[in-house]
Amino acid sequence: MNISERIESLLQEIEDLHAQKAQEVEELRVRLLGKKGEITSLFDEFRNVPAEQKKAFGQKLNALKNAAAAKINELKEAMEEAATSAVSSDLTKPGDYRELGTRHPISITREEIIDIFKRLGYAIATGPEIEDDYHVFEALNFPPEHPARDMQDTFFVSDGANPVLLRTHTSSVQVRTMERSKPPIRVICPGRVFRNEAISARAHCIFHQVEGLYIDKNVSFADLKQSILLFVREMFGPDTQIRMRPSYFPFTEPSTEVDISCNICGGKGCNICKGTGWLEIMGAGMVDPNVLKASGIDPNEYSGFAFGMGIERIAMLKWQVRDLRLYFENDVRFLKEFETSI
Ligand code: DAH
């Protein structure tokens, strides 16, 4: 057979090729297109073809090579298809293992807090993370020289009479809510806050808070106390006790810091509560009349309470997380520990 005849016969052969197994396809590939394959050796012989015939032969050879490659591909694909449909039609085979993602402990905690307050009739309110001085400080009764406005704490975006900044607490959403709605107001405001702090096990420049605000006629400190008690018992268990210590915030009067009985030792004293039996969980108080007034609510007609807590802190107490940085590192070994908490 001369080259021309061999090309013709191989073309014919390729058309009729079939295979049962992946291995047979591979054998065909090696026989035709491998280093010592039949088509490859035709290319070697091509060198001896007289110059005037080179063009015609070259075209034929290339067409043969392409036809062989296409056929082998086709056989391979058919083989793969058969393999997958064979798997899915065997209903007795065990299913494929799918790794499940887990929700982040901060998300889990935030949803739980929201869920508890929703049952008490609170709606969710949100506000911008990039805020102005007025909503973060001034409308909340911060005096102009208050240290929280200091460059040390606040990330400023611009300066001027009412600088733009990253909110340092979610209390700004109180102001935005009071501006746009009339009492009765009952909202919780979950969100991210930013402070210019060095990152350590106990501090971070980004964290999450939930703010609460309740304004109506005749809202009293007793209402605040009872609402917080109910919340902590839902969150940390029915035997949890609370303790309120007098404190100071510019936007509440009176102000308090709330502790819960240590959920590890039950109040006896351990290394988590540093032997005191109590763990601090939030700030709270009666909304200062100046704050109501600034947002157009008459303090002679209405009163209210507010509270604010850090979500990281609540999650740390709930699961004994000892280092804040773990929440931001996205180490799957840490995240996996919350698989069963969803
Ligand atoms: N905004 C305070 C903070 O970031 C927390 C807070 C304290 C919020 C008392 C309140 C409150 O609503 O009444 O530290």
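In each ligand, atom 1 is the first atom listed, and ligand 1 is the first ligand listed.
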Without placing hydrogens or testing angles, list every side-chain donor-acceptor pair under 3.5 Å for residues 181-188, not counting sequence neighbours.
residue	atom	partner	partner atom	Å
Ser181	OG	Thr177	O	2.6
Arg186	NH1	Leu120	O	2.9

Inset, instruction - Using distance alone, with no hydrogens and no angle criterion, decide if Glu211 and Ser171 have a side-chain donor and acceptor under 3.5 Å apart. - result: yes
Inset, instruction - May I ask you to check whether Phe334 and Phe328 place their ring centers less than 6.0 Å from one another? - result: no
Which side-chain N or O atoms in residues 57-69 pair as donor and acceptor under 3.5 Å with protein atoms at least two apart or in another chain?
residue	atom	partner	partner atom	Å
Asn66	ND2	Asn62	O	3.4

Inset, instruction - Taking atom types as modelled, find out whether Glu197 and His204 have a side-chain donor-acceptor pair closer than 3.5 angstrom. - result: no
Could you tell me, for ligand 1, which of its N or O atoms are under 3.5 Å from any protein N or O, listing the pairs and their distances rounded to 0.1 Å?
residue	atom	partner	partner atom	Å
ligand 1	1 (N)	His169	ND1	2.9
ligand 1	1 (N)	Ser171	OG	3.0
ligand 1	4 (O)	Arg195	NH2	2.9
ligand 1	4 (O)	Gln209	NE2	2.9
ligand 1	12 (O)	Gln174	NE2	3.3
ligand 1	12 (O)	Glu211	OE2	2.5
ligand 1	12 (O)	Phe307	N	3.3
ligand 1	12 (O)	Phe307	O	3.3
ligand 1	13 (O)	Ala306	O	3.1

Indicate every side-chain donor-acceptor pair of residues 8-19 with a distance under 3.5 Å to a residue at least two apart or in another chain.
residue	atom	partner	partner atom	Å
Glu13	OE2	Arg31	NH1	3.2
Glu13	OE2	Arg31	NH2	2.7
His18	ND1	Asp16	O	3.4

